Visitor: 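Structure incoming, see below.
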2 protein chains.
Amino acid sequence: MLKLTKRTEYALTALSHMQSQGEGELTTAREISEKYSISFQLLSKILQHLSKENLIKPIQGAKGGYKLITDLTEISLWQFLEMMEGPLGLVDCIITSECQKMDGCVILSPIHKINKTVQNIFMNIPISDITN
Amino acid sequence: MLKLTKRTEYALTALSHMQSQGEGELTTAREISEKYSISFQLLSKILQHLSKENLIKPIQGAKGGYKLITDLTEISLWQFLEMMEGPLGLVDCIITSECQKMDGCVILSPIHKINKTVQNIFMNIPISDITN
DNA sequence: TTTATACAGGACTAAATGAGTCGTATTAGC
DNA sequence: GCTAATACGACTCATTTAGTCCTGTATAAA
C-alpha cells in the first residue's frame with residue numbers, strides 16, 4: 001500500500017528535470033538516465049509512455065530528444081498515477097466493480113469512503129508540486 | 001500504489017465480524033473463513049498475527065477461538081496498516097532513510113510532504129470506521 | 001484417557017507484479 | 001552513409017503476495 005512504482009518515480013524525476021530546462025528545450029533519455037542513474041532502456045519506455053500520454057513530445061533522429069509540452073500545474077497527482085499505474089483503488093472491487101468472493105462484504109462501503117477521501121486529496125495536488 | 005493487501009483486507013473483515021459479535025464472545029477462524037470464503041490456513045495466520053499485536057486474544061483447545069480485546073476506535077488506520085504491512089511510505093527512502101541511487105534527488109522533499117498529508121489523514125481514521 | 005476441536009507456526013509452492021534487458025527497426029542531422 | 005536519437009515487442013529476472021502442507025500443542029468433553 002502507498003508505494004509508488006519505480007516507473008512513476010522515474011517519470012516524475014524525468015518531468016522534474018525537463019521542467020528545470022528552459023521552455024521548449026530538448027532533453028534526451030540518455031541525459032536523464034545518466035544524471036539520475038536510471039536504466040537507460042527502462043527510462044526510454046517510460047518517456048515513450050509519457051509521449052503517448054501527450055505530456056512530452058518526442059523528436060526523432062540525431063539532435064533529437066523530448067520536449068515538455070504540458071503545463072504540469074494542470075495535471076493532478078491522481079490523474080498522473082492512473083496514467084502511470086492504471087486504475088487506483090484500495091480494493092479490487094472498487095476498480096472492477098465486482099466483488100470476487102465475499103458475498104456479504106462487510107467492509108466495502110467504508111473502504112469506498114476512504115478511497116474517495118484520498119482521491120479528493122490527490123486530485124487537488126498538481127504534479128507541478130512535485131516537479132518544481 | 002494504494003491497494004490493500006489481502007492480508008489487510010481479511011484482517012479488517014475478521015475484526016468487523018468479531019466486533020459484530022457480542023462483547024467477550026468467541027469466534028473461530030473456521031467460522032470466519034467459511035462465512036467470507038477466505039482460505040482457512042491463510043486466515044489463521046492473519047488471526048495469529050492480530051494476536052501477536054494484541055488486538056485479539058486466542059483461546060486454545062476445543063471450544064476455543066478468538067476474542068476481541070481492543071477498542072477499535074483507539075487504533076488508527078495508519079497504525080493498523082503498518083501493523084499488517086510494515087512501514088509505509090511513497091518511496092523507499094522515506095522508509096529506510098537512505099537514497100539508493102539518485103544523488104541529487106529532485107523529488108524527495110515534495111514527496112515527503114505528500115506522504116505526511118496522507119499519514120495525517122490515516123492517523124485520524126480509527127479502524128472502527130471500517131469495522132462498524 | 002482418548003478423541004475431537006481449536007490455535008501455532010515453520011517450510012514450502014504458486015501466482016502476480018514489478019524491474020530491467022535484449023535485439024531490432026525507424027528516423028533524421030551532418 | 002554514418003551516427004545519434006527514439007520505438008517497441010519479447011523476453012528474463014527479482015520481489016512480493018497469496019495460498020498450501022504438515023506437524024505440533026492445548027483443552028473440553030465423552
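In what follows, chains are A, B, ... by sequence order, proteins preceding strands, each numbered from 1. The model shown is predicted, which means the values in this text are computed figures rather than measured ones.
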Visitor: At under 4.0 Å, does any side-chain N or O of B/Y10 touch on OP1 or OP2 of D/dG19?
Guide: yes
Visitor: Could you pull out the protein-nucleic contacts involving nucleotides 27-30 of chain C (nitrogen or oxygen on both sides, under 3.5 Å)?
Guide:
residue	atom	partner	partner atom	Å
C/dT27	O4'	A/Q60	OE1	2.6
C/dT27	O2	A/G61	N	3.3

Visitor: Under a 4.5 Å side-chain heavy-atom rule over Ile, Leu, Val, Met, Phe, Trp and Tyr, are B/M1 and B/I95 clustered together?
Guide: no
Visitor: Nucleotides 11-14 of chain D: which of its N/O atoms have a protein N/O under 3.5 Å away?
Guide:
none

Visitor: I need the minimum non-hydrogen distance between A/L68 and A/L55, along with the two atoms involved.
Guide: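 Looks like CD1-O, 3.6 Å.
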Visitor: Whether A/Y66 contacts D/dA7 is assessed here as follows: a side-chain N or O lying under 4.0 Å from the phosphate OP1 or OP2. Is that the case?
Guide: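 Affirmative; the distance criterion is met.
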Visitor: What about B/I32 and B/L26, same hydrophobic cluster or not, with Ile/Leu/Val/Met/Phe/Trp/Tyr joined at side-chain heavy-atom distances under 4.5 Å?
Guide: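 Looking at the clustering, B/L26 is in a separate group from B/I32.
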Visitor: Whole angstroms only, please: what is the CG-P distance between A/L81 and C/dG18?
Guide: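 So the CG-P distance, A/L81 to C/dG18, works out to 13 Å.
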Visitor: What distance do B/L88 atom CG and B/I94 atom CD1 have between them, rounded to the nearest 0.5 Å?
Guide: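 It comes to 10.5 Å.
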Visitor: So, B/S16 versus B/T13: side-chain donor-acceptor pair below 3.5 Å or not?
Guide: no
Visitor: Quick check: is A/M83 connected to A/Y10 through a chain of hydrophobic side chains (ILVMFWY, heavy atoms under 4.5 Å apart)?
Guide: yes
Visitor: Reckon B/T28 has a side-chain N or O less than 4.0 Å from the OP1 or OP2 of C/dT5?
Guide: no
Visitor: Write down the distance between CG (B/L42) and P (D/dT17), rounded to a whole number of angstrom.
Guide: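 Nearest whole value for this atom pair: 13 Å.
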Visitor: What nucleotide among D/dT6, C/dG23, D/dA18 has an atom nearest to a side-chain atom of A/Q41?
Guide: C/dG23
Visitor: Out of the candidates A/I75, A/L81, A/L77, only one should pair with A/Q79 under the side chain to side chain contact (heavy atoms under 4.5 Å, CB included) rule; please name it.
Guide: A/I75
Visitor: Could you give all pairs that pass the side-chain hydrogen bond (donor to acceptor under 3.5 Å, both in side chains) test and reach residues 20-32 of chain A, with sequence neighbours left out?
Guide: A/H17-A/E31
Visitor: Given atom CD1 of B/I38 and atom P of D/dG19, what is their separation to the nearest angstrom?
Guide: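 So the CD1-P distance, B/I38 to D/dG19, works out to 9 Å.
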Visitor: Under 4.5 Å between side-chain heavy atoms, counting indirect links through other Ile/Leu/Val/Met/Phe/Trp/Tyr residues: same cluster for B/I59 and B/Y66 or not?
Guide: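 Different hydrophobic clusters.
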Visitor: Whole angstroms only, please: what is the CZ-P distance between B/F40 and D/dC22?
Guide: 15 Å
Visitor: Nearest 0.5 Å please: distance from the CD1 atom of B/I69 over to the CE atom of B/M18.
Guide: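 Taking CD1 in B/I69 and CE in B/M18, the distance rounds to 9.0 Å.
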Visitor: For C/dT21, does either OP1 or OP2 sit under 4.0 Å from a side-chain N or O belonging to A/S39?
Guide: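 The answer is yes; a side-chain N or O of A/S39 sits under 4.0 Å from OP1 or OP2.
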Visitor: If we fit an axis to the first five pairs and another to the last five of the helix from C/dT1-D/dA30 to C/dC30-D/dG1, what angle do they make, to the nearest 10°?
Guide: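 If I round to tens, the end axes sit 0° apart.
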Visitor: For DNA chain D, which residues of residues 44-56 of chain B approach it to below 4.0 angstrom with any heavy atom?
Guide: B/K45
Visitor: By the side-chain hydrogen bond (donor to acceptor under 3.5 Å, both in side chains) test, which pairs, at least two apart or in different chains, include something from residues 120-132 of chain B?
Guide: B/Q19-B/T131
Visitor: With sugar-phosphate meaning primed atoms plus P, OP1 and OP2, does B/R30 contact a base, only sugar-phosphate, or nothing at under 4.0 Å between heavy atoms?
Guide: nothing
Visitor: Whole Å only: how far is the CE atom of B/M1 from the P atom of D/dT16?
Guide: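 Result: 17 Å.
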Visitor: To the nearest angstrom, how far is B/K6 atom NZ from D/dT20 atom P?
Guide: 13 Å
Visitor: Rounded to the nearest 0.5 Å, how far does OG of B/S44 lie from NE2 of B/H49?
Guide: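 The distance works out to 14.5 Å.
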Visitor: Ignoring hydrogens, what is the shortest heavy-atom contact between A/M84 and A/L50? Give both atom names and the distance.
Guide: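 A/M84 and A/L50 have their closest heavy atoms at SD-CD2, 3.9 Å.
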Visitor: Side chain of B/T117, backbone of B/K113: donor and acceptor closer than 3.5 Å?
Guide: yes
Visitor: Can you tell me how far P of C/dA8 sits from CG of B/L43, to the nearest Å?
Guide: 12 Å
Visitor: Rounded to whole angstrom units, what separation is found between the CD1 atom of A/I59 and the C1' atom of D/dA4?
Guide: 15 Å
